[in-house]
Student: 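Got a structure here, written out as structure tokens. Questions coming.
Below, read A as the first sequence line, B as the second, and so on, with proteins coming before strands; counting in each chain starts at 1.
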There are 2 protein chains.
Amino acid sequence: MGDRILVIGGVAAGLSAASRARRLDPEARITVLERGPAAGYSACGLPYMLAGRVSLASLLTHPPEFFCERRGLDLRLGQEALEIEPARHRVRVRAEGSERWEHYDRLVVATGARARWQPSKLRNVFTANTWAEAAAFDAALRGGDLRRVAVVGGGYIGVEMAEALVLRGGLEVHLVHRHGALLGNFDPDFVAPLAGDLQRLGVHLHLGTHVAALDGPPDGRVLALETSAGALATDAVLNCAGLAPQSALAAAAGIALGRTGAIAVDEQQQTNLAGVGAAGDCAESRHRLTGGAVWTPLGAVANQQGRVAGAHAAGRPAPNGRRARYPGVLGTLALALAGTGWGRTGLTLAQARAAGLAPAWEDVEAGDRASYLGPVPLRTRLIYQPATGRLLGCQMSGAPAALAGRLDVAATALAAGFTLEQLETLDLAYQPALAPLYEPLQIAAHNALGR
Amino acid sequence: MGDRILVIGGVAAGLSAASRARRLDPEARITVLERGPAAGYSACGLPYMLAGRVSLASLLTHPPEFFCERRGLDLRLGQEALEIEPARHRVRVRAEGSERWEHYDRLVVATGARARWQPSKLRNVFTANTWAEAAAFDAALRGGDLRRVAVVGGGYIGVEMAEALVLRGGLEVHLVHRHGALLGNFDPDFVAPLAGDLQRLGVHLHLGTHVAALDGPPDGRVLALETSAGALATDAVLNCAGLAPQSALAAAAGIALGRTGAIAVDEQQQTNLAGVGAAGDCAESRHRLTGGAVWTPLGAVANQQGRVAGAHAAGRPAPNGRRARYPGVLGTLALALAGTGWGRTGLTLAQARAAGLAPAWEDVEAGDRASYLGPVPLRTRLIYQPATGRLLGCQMSGAPAALAGRLDVAATALAAGFTLEQLETLDLAYQPALAPLYEPLQIAAHNALGR
């Protein structure tokens with residue numbers, strides 16, 4: 001009999017962990033407990049489903065049978081872990097009304113995130129972070145008597161959802177955000193044009209507006225948001241006011257949390273308890289530039305962390321003998337909003353200042369190809385440390401197709417610890433129809449070096 | 001009076017050098033001698049002009065007055081440097097039939113490249129490497145009695161020109177290449193599909209076909225290429241059979257050439273003669289991965305080398321005190337051919353083997369975004385050294401818009417000296433509509449690591 005590997009959570013990190021463990025240990029008995037009705041789906045695709053662009057089913061990377069039959073995982077949907085008992089290597093599980101204990105030799109906690117704001121339960125207050133939540137919201141919208149929707153929160157989920165609801169059609173969409181700038185993970189001045197883009201798309205924007213309470217009649221239906229700018233009548237609320245790690249289950253079992261409130265892990269995604277790993281939105285990460293613990297609930301991070309946790313759950317190295325490690329995050333994030341791409345990696349100015357790095361920045365607007373072949377402009381902000389020339393961060397905005405790869409160049413240069421001069425003198429592709437003689441990033445580095 | 005800086009050559013490297021020198025030294029007297037009728041144009045755009053997509057004038061980055069009036073450069077067109085006399089710090093120049101000597105305190109040689117194959121002078125045998133050559137070819141094509149054109153040489157210039165002539169319309173275009181695979185800077189098996197793409201576009205391909213001679217009647221008009229596969233009748237020949245550095249002028253003055261035949265330079269683009277720099281297609285480069293001297297006649301390299309040569313010609317550091325250096329090439333190259341993008345950086349398998357690096361490779365075909373949002377496939381070949389995990393090279397093919405940035409990620413990772421594991425665990429952008437959960441490069445690295 002192989003080792004018993006138990007994974008709590010069956011979305012990005014959990015299924016990555018289980019799949020990786022299976023790959024490295026064909027004998028292990030691997031069980032994945034997923035609370036919801038679906039596993040292995042693209043949570044990042046939920047806005048596209050709500051926009052009516054893709055079906056919910058299309059967001060499944062594989063059907064459940066795939067994980068069971070092809071990957072040999074015992075994937076169980078609708079099963080909630082209630083308690084971890086580390087001393088006895090077991091987890092209490094509730095499914096279909098009854099409870100049981102599942103034993104494990106090694107455990108991976110991948111319980112994800114939840115909405116940070118938990119308003120009192122009222123009808124027509126929704127979240128859409130999971131398959132089940134998004135499906136319920138979609139069903140309510142299909143019901144047809146919701147015409148006005150207020151999205152609360154202007155972080156990346158809030159703005160993606162607001163756009164999706166406008167594109168869905170037939171809705172009056174309000175976006176209420178407590179800060180004066182959207183997307184707090186960007187510099188406020190850099191991201192400022194997004195507000196106009198969303199308004200032109202048809203989003204009713206309420207920036208700098210704090211939601212004090214939800215008002216409704218006794219039947220629980222929301223009638224108004226009480227905000228710092230007055231009452232806002234609405235038929236439904238979509239709560240996108242931030243996420244929090246689902247770490248309570250782990251904490252109750254004595255698994256140490258970090259100062260972010262997420263589970264503290266080392267580079268091998270291991271917690272303070274032997275044989276217990278954690279990965280994804282419930283776990284912390286190390287920031288590659290500051291070395292500090294951060295909480296970065298993003299899909300790609302969850303998948304990569306899951307792989308590492310799974311490799312260690314398998315308890316054996318990869319075929320080439322390497323020990324898996326996760327080297328940390330840069331917070332690389334891309335968005336496509338109202339036809340414009342947005343991207344960021346590394347530290348914002350505020351983050352760099354908070355880390356004591358005394359940053360400076362260089363803004364460049366330059367084309368994505370030769371001037372005579374119809375370039376589209378890209379705005380690029382390069383953040384760096386003048387004292388050392390070290391790169392600290394990058395933000396970009398422009399044509400979506402031109403953006404993702406260029407943002408990844410910045411992320412790669414940041415991971416390499418490059419200086420402005422190393423960035424400026426990279427040997428990058430130049431082809432008049434595909435890429436300009438000097439990439440915007442290189443122009444920014446050149447200018448930052450004093451021209 | 002400021003120092004006298006003389007630059008021989010007014011295209012990519014020469015004008016970059018002169019402009020950089022001006023930026024650092026407002027007092028210098030800077031003269032640029034350009035043999036041809038135009039300076040500061042995009043040579044890489046000449047195929048687009050021949051295709052009829054852009055005008056020749058649009059390829060000028062700036063009009064000549066810009067360099068004179070705005071940059072304060074004494075730019076002289078139609079002036080050919082005949083001899084460098086280093087002992088007396090002077091260059092003999094021919095212009096409009098007469099000769100004179102130009103004195104300098106510091107000299108930059110940026111004489112470019114020429115066609116390697118120099119067939120006997122026959123009418124309707126063209127090259128199109130410079131503004132003047134391309135203009136002459138264009139004029140001949142406009143004459144209207146050339147219907148069949150044979151492009152000789154299937155390197156990147158030859159294939160771009162063959163495509164351009166097909167797109168121009170009204171021509172029967174033959175491409176004759178001595179090797180069995182096009183684009184010798186790619187792995188032959190990787191680039192193989194390009195042949196079919198070009199044929200479907202309408203190019204008549206003659207691979208593995210060596211041109212032995214050009215035959216023509218006494219009036220000099222070409223009638224046939226004598227090839228290893230028989231005679232090929234044609235109205236005109238476009239000679240794209242490789243380039244050679246224009247280094248004879250320098251060599252005659254005692255400037256040392258490297259084993260590639262191009263001018264040997266150090267990281268500061270300085271030759272063996274004090275005060276004499278060289279940059280662009282006439283100069284060698286150091287390969288970043290092998291450390292060896294290579295000759296890489298590409299526009300972006302020429303511009304960057306020109307900047308460095310110009311900074312040293314100015315004889316003073318940049319405002320931030322740095323001394324300019326050019327850290328070397330990866331041979332990064334992108335092409336857009338028949339609607340498909342092609343890219344390469346670093347070493348091919350053959351180049352890596354020749355360097356004794358015992359390479360292996362991993363091929364991946366994967367989409368450029370989430371499966372449910374209509375991804376376009378990208379073929380990616382990652383070349384690495386199994387003994388160390390070190391990255392050695394990358395080749396890509398796929399939708400043009402998806403390619404350039406991704407190729408640059410590979411180039412950045414190569415410049416950083418990354419291993420497979422460092423590439424696999426990069427924090428890159430993931431957004432369903434813009435970029436997949438795992439970039440093809442990361443999938444390749446993962447697979448190469450033993451899955």
Student: Using a distance-only test with no angle check, is there a side-chain donor-acceptor pair under 3.5 angstrom linking Q269(B) and Q304(B)?
Tutor: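 No, Q304(B) and Q269(B) have no side-chain donor paired with an acceptor closer than 3.5 Å.
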Student: Given that the side chain runs from C-beta out, which part of R325(A) has a heavy atom under 4.5 Å from chain B: side chain, backbone, both or neither?
Tutor: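 Both backbone and side chain of R325(A) come within 4.5 Å of chain B.
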Student: Identify which part of A415(B) has an atom lying under 4.5 Å from any heavy atom of chain A, answering side chain, backbone, both or neither.
Tutor: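 Answer is both: backbone and side chain atoms of A415(B) are under 4.5 Å from chain A.
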Student: Any luck finding a side-chain donor-acceptor pair between T380(A) and Q395(A) under 3.5 Å?
Tutor: no
Student: What part of V329(B) is in contact with chain A, defined as an atom under 4.5 angstrom from a non-hydrogen atom: side chain, backbone, both or neither?
Tutor: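 Both backbone and side chain of V329(B) come within 4.5 Å of chain A.
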Student: Working note: Y430(A) + L298(B), criterion side-chain contact (heavy atoms from CB on, under 4.5 Å); need CA distance, chi angles, decisive distance, verdict.
Tutor: CA-CA 9 Å; Y430(A) 161 50; L298(B) 290 170; over 6 Å; no
Student: Flag the pair H446(A) / E362(A) as yes when at least one side-chain heavy-atom distance between them is below 4.5 Å, and no otherwise.
Tutor: no
Student: Give, as side chain, backbone, both or neither, the part of A370(A) having an atom under 4.5 angstrom from any heavy atom of chain B.
Tutor: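 Looking at A370(A), nothing touches chain B.
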Student: Considering only heavy atoms, which portion of V54(A) lies under 4.5 Å from any heavy atom of chain B: side chain, backbone, both, or neither?
Tutor: side chain
Student: Heavy-atom cut-off 4.5 Å, strictly under: side chain, backbone, both or neither for Q422(A) against chain B?
Tutor: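 Neither part.
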Student: Please rank L335(A), L407(A), L333(A) by heavy-atom pairs under 4.5 Å with chain B and give me the top one.
Tutor: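 If we count pairs closer than 4.5 Å to chain B, L335(A) comes out on top.
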Student: So, does R344(A) use its side chain to make a donor-acceptor pair with the main chain of M396(A) at under 3.5 Å?
Tutor: no
Student: In terms of the angle between their ring planes, are W131(B) and Y41(B) parallel, tilted or perpendicular, with boundaries placed at 30° and 60°?
Tutor: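 Rings of W131(B) and Y41(B): tilted, as their planes differ by 30° to 60°.
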Student: What part of R369(A) gets within 4.5 angstrom of chain B, counting heavy atoms only: side chain, backbone, both, or neither?
Tutor: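 R369(A) has no heavy atom closer than 4.5 Å to chain B.
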